[in-house]
Student: 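Have a look at the structure that comes next, please.
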Amino acid sequence: MRISTIDVTAESPYQVVVGHGALEFLPQYLADQRRVAVIHPPLLRDQAARLGASCECELLLIEVPNAEQAKTGATLQACWDALAGAGFTRSDAIVGLGGGATTDLAGFVAATWLRGVRYVSVPTTVLGMVDAAVGGKTGINLAAGKNLVGSFYEPYTVLCDLALLESLPEREMRSGMAEVVKAGFIADPAILSIIEDDPARALDPGGDEICALVKRAISVKAAVVGADLRERTSVGRDVGRELLNYGHTLGHAIERHEGFRWRHGEAISVGMTFVAELSRRLGRLDDDTAERHRRILAALKLPTSYPAKAWPQLREAMNLDKKTRGDGLRFVILEELGHGAILDNPDEGVLRNAFESLA
Ligand code: GLY
């Protein structure tokens, strides 16, 4: 068994355990708990039951809808009702087992039940491991937008068992890799070299490469949230947690434009290609690093182009980002490998031209 731990030291320090077989550590993180509720999607029912049975505490299984459909007020209420029905107290714990949407919901249930009970996150996708499960963002969606209700609530621990990736559909695997590539460009270029050496091996869930990549990407996220858990406002080259939004301004607009049928990573793959091109056109990034985005994402068979005619709708959708920050259009751009910067209200012509070059 190859297991590593990564320390996250933001407000309540915890460890992320990564490796094939990491789930074997669950009982030790729940040793002093009376009961555990495992929140899981339908497909992971058997896995959730096995997980619960491995611990010496009473088990409550709470099944929630698949993916983003779980992140609703109604499902949150159903989880609270299940905990109330079972008489859950502060000596009990919650485990979130699933992709990023499930762990976002489960973390919020844990944050709100009795004003906070122990929460263990068990992500089952690459995206969940390298992004959603680490950093304490929990919450649900509203009709008015994604993640509008939530809290920063750090887990007690995160267990990333790479064996869980073996049953992941290939498209999901590739999509998660977009967030790994993001970590490479914004902070750890060694990630890019590992993928470029052999993209197919990088996607092999049983390989050493995925282990190294997931660990490196989590370490990038741990460092970023350790310095700025609550996403203070970033200015110029002083970029905090917002750095993790690299490629996301356009990426979120594409997800919306595609009616959320694209995987998140597919949308941010186009978003990163775009913002690298924007950075290059503004004279802030060299040609080779910009082109490297297209090469590496294409090698992972992720999309790097988008029809030019979609620009007016995407530009409109990007305005919705203003709602959360209350200011103008804002991008995280790249100035050199491993160095992001904030770009506020860029010239509209440059934006459109950079986008049209993706067509
Ligand atoms: N997914 C971006 C963040 O955790 O801040």
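Note that the structure is predicted; figures quoted are calculated from it, not measured. Counting convention: from 1, in listed order, for ligands and their atoms alike.
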Student: N or O contacts of ligand 1 with protein under 3.5 Å, please list pair by pair.
Tutor:
residue: ligand 1; atom: 1 (N); partner: Asp131; partner atom: OD1; Å: 3.0
residue: ligand 1; atom: 1 (N); partner: Asp131; partner atom: OD2; Å: 3.2
residue: ligand 1; atom: 4 (O); partner: Lys221; partner atom: NZ; Å: 2.6
residue: ligand 1; atom: 4 (O); partner: Arg241; partner atom: NH2; Å: 2.7
residue: ligand 1; atom: 5 (O); partner: Lys137; partner atom: NZ; Å: 2.9
residue: ligand 1; atom: 5 (O); partner: Arg241; partner atom: NE; Å: 2.7
residue: ligand 1; atom: 5 (O); partner: Arg241; partner atom: NH2; Å: 3.4

Student: Verify the distance criterion only: is there a donor paired with an acceptor across the side chains of Asp7 and Gln15 at less than 3.5 Å?
Tutor: yes
Student: Of all residues at least two apart in sequence or in a different chain, which pass the side chain to side chain contact (heavy atoms under 4.5 Å, CB included) check with Ala276?
Tutor: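 Ala276: side chain to side chain contact (heavy atoms under 4.5 Å, CB included) contacts with Tyr246, Leu285, Ala290, His293.
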Student: Could you check, using the six-membered ring where one of them is a Trp, whether His252 and His257 have ring centers closer than 6.0 angstrom?
Tutor: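 So the answer is no for these two rings.
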Student: Which side-chain N or O atoms in residues 349-359 pair as donor and acceptor under 3.5 Å with protein atoms at least two apart or in another chain?
Tutor:
residue: Asn353; atom: ND2; partner: Gly349; partner atom: O; Å: 3.3
residue: Ser357; atom: OG; partner: Ala354; partner atom: O; Å: 2.7

Student: Under the side chain to side chain contact (heavy atoms under 4.5 Å, CB included) rule, collect the residues that match up with Ala132, sequence neighbours excluded.
Tutor: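 Testing Ala132 for side chain to side chain contact (heavy atoms under 4.5 Å, CB included), a comparison that skips the adjacent residues, returns Thr103, Asp104.
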Student: Answer with yes or no after comparing the ring centroid distance for Trp113 and Tyr119 against a 6.0 Å cut-off, counting only values under it.
Tutor: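 Not under 6.0 Å, so no.
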